[in-house]
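A short worksheet on the structure shown next.
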2 protein chains.
Amino acid sequence: MTKKEIYRNSRQRNRILNLLRSRDDHPDADLIYRELKKEFPRLSMGNVYRNLNILVKQRRIHRIKLGSGSDRYDAVMDHHYHFICESCHSVMDVELPPQDRLNEQAAQLTGCTVTGHQIRFFGLCPRCQSHGDGS
Amino acid sequence: MTKKEIYRNSRQRNRILNLLRSRDDHPDADLIYRELKKEFPRLSMGNVYRNLNILVKQRRIHRIKLGSGSDRYDAVMDHHYHFICESCHSVMDVELPPQDRLNEQAAQLTGCTVTGHQIRFFGLCPRCQSHGDGS
DNA sequence: CTACTTGCAAACTATTTGCGTTACG
DNA sequence: CGTAACGCAAATAGTTTGCAAGTAG
């Protein structure tokens, strides 16, 4: 069924994973590209995307789909939720314990098989609160 | 500050709103376009998008951003959550009461001002359960 | 040596926008 | 009659993909 894909060691892919592990600001493909372009001058955007997709498939990173703008990536693999600042669009982890009872409630209400959920919080991050917004 | 925008009565915009109110399957712009094209043969995609954006701005409909694919629209305006079928990508309402305490918990954990949240449930809808998936 | 990885450019999807015309109020 | 709404086509943002050349194992 699920065909087993084989991946080689790839300098760039490893470096992307490292970069994501070294920071907690959930960068997007473009930031990763600009950052690694310094180390790999011939790096291409297409390859950044290709590798991000592979890392997601390998379950070594998470893709965070913001409402708008580009996707963000996250190397923290234990379950957590996200906060998105409506002013600067920064993304922060929210270490709230998994709210598994919500799945059961949703299943009862809908008759669906519920295997998971996602929670996103919105508001203003500490920085943007003091700046007086600016959106 | 927030400039007051004036909108005329528009046949097409009214019809889009009606259509959304008459169904609970959260259609996307393309389905709305194909559906209303029958009534308005000269209807254009650009105008469907323009009107959907106006309706959202008027707070008469909600935009639902799926992870992938096109945005869905919803004319049910009281607070609720959504279930997304991972097989057929249908969207269902989940009439779970607002989980406001989560906002406070997230605020404490992050130090952010949390003004709202969004919950999305994933799994298989009743139809796709019986079909034996098929994704 | 096989086939995964990469750079490059072109393609693609969903959505927005500029412009000239139509029509609501 | 002024200006919002419209049709149309072109533009945009983000991401994916085909192809030929490079490289890990």
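Per chain, numbering begins at 1; letters A, B, ... match sequence-line order.
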Revision key, fill the gap. Here the distance between atom P of C:dT6 and atom CZ of A:Arg15, to the nearest Å, is 14 Å
**Study point:** Contacting residues from residues 34-49 of chain A, given that a heavy atom lies under 4.0 angstrom of DNA chain C
**Key:** A:Arg42, A:Leu43, A:Ser44, A:Asn47
Exercise for review: Just call it for A:Asp30: base, sugar-phosphate, or nothing, with non-hydrogen atoms closer than 4.0 Å on any strand.
Suggested key: nothing
Practice item. Take the protein atom CD of B:Gln12 and the nucleotide atom P of C:dA23, then report the distance between them rounded to whole Å. Key: 11 Å
Check your understanding: With side chains defined as the heavy atoms from C-beta onward, is the minimum distance between A:Asp28 and A:Tyr33 less than 4.5 Å?
Key -> no
Check your understanding: Which part of the nucleic acid does A:Asp71 contact within heavy-atom distance under 4.0 Å: base, sugar-phosphate only, or nothing?
Key -> sugar-phosphate
Review point. Hey, does A:Arg13 reach any base, or is it just sugar-phosphate, or nothing, if we go heavy atoms under 4.0 Å?
Key: sugar-phosphate
Revision key, fill the gap. Between CZ of A:Arg50 and P of C:dA10 the distance, given in whole Å, is 15 Å
Study note, to complete from the structure: Contacted region of DNA chain D by chain B, from 5' end to 3' end of the hits, cut-off under 4.0 Å to heavy atoms, spans D:dG2 to D:dC8
Review point. Counting heavy atoms not belonging to B:Arg11, are there more than 12 under 6.0 Å from its CZ?
Key: no
Exercise for review: Please work out if B:Asn53 contacts a base, only the sugar-phosphate, or nothing of the nucleic acid, heavy-atom cut-off 4.0 Å.
Suggested key: sugar-phosphate
**Study point:** B:Glu95 CD to B:His80 NE2 distance, which is reported to the nearest 0.5 Å
**Key:** 6.5 Å
**Study point:** Residue B:Arg8, side-chain atoms from C-beta onward, closest of C:dG25, C:dG18, C:dG7
**Key:** C:dG25
**Study point:** Closest heavy-atom pair and its distance - A:Asp93, A:His26
**Key:** OD1-NE2, 2.8 Å
Check your understanding: Would A:Leu36 and A:Val56 show up in the same hydrophobic cluster when neighbours are defined by side-chain heavy atoms closer than 4.5 Å?
Key -> yes
Anything under 3.5 Å between a donor and an acceptor, one on a side chain of residues 102-111 of chain A, the other on a protein residue two or more places apart or in another chain? List them.
residue, atom, partner, partner atom, Å
A:Asn103, OD1, A:His117, ND1, 2.7
A:Thr110, OG1, A:Ala106, O, 2.7
A:Thr110, OG1, A:Cys112, N, 3.2

Revision key, fill the gap. When rounded to whole Å, the CG to P distance for the pair A:Asn14 and C:dC4 reads 17 Å
Point to revise | Under 3.5 Å: donor-acceptor pair, side chain of B:Lys37, backbone of B:Leu43 | key: yes
Practice item. Please check the phosphate of C:dT13 (OP1 and OP2 only) for any side-chain N or O of B:Ser70 closer than 4.0 Å. Key: no
Practice item. Decide yes or no for A:Leu20 and A:Leu52: does some side-chain heavy atom of the first lie under 4.5 Å from some side-chain heavy atom of the second? Key: yes
Exercise for review: Please state how far atom CZ in A:Arg11 lies from atom P in C:dG7, giving the value in whole angstrom units.
Suggested key: 12 Å
Practice item. Find the distance A:Asn9:CG to C:dT6:P and express it as a whole number of Å. Key: 10 Å
Review point. At what distance, to the nearest 0.5 angstrom, does OG1 of A:Thr113 lie from CD of B:Gln129?
Key: 3.0 Å
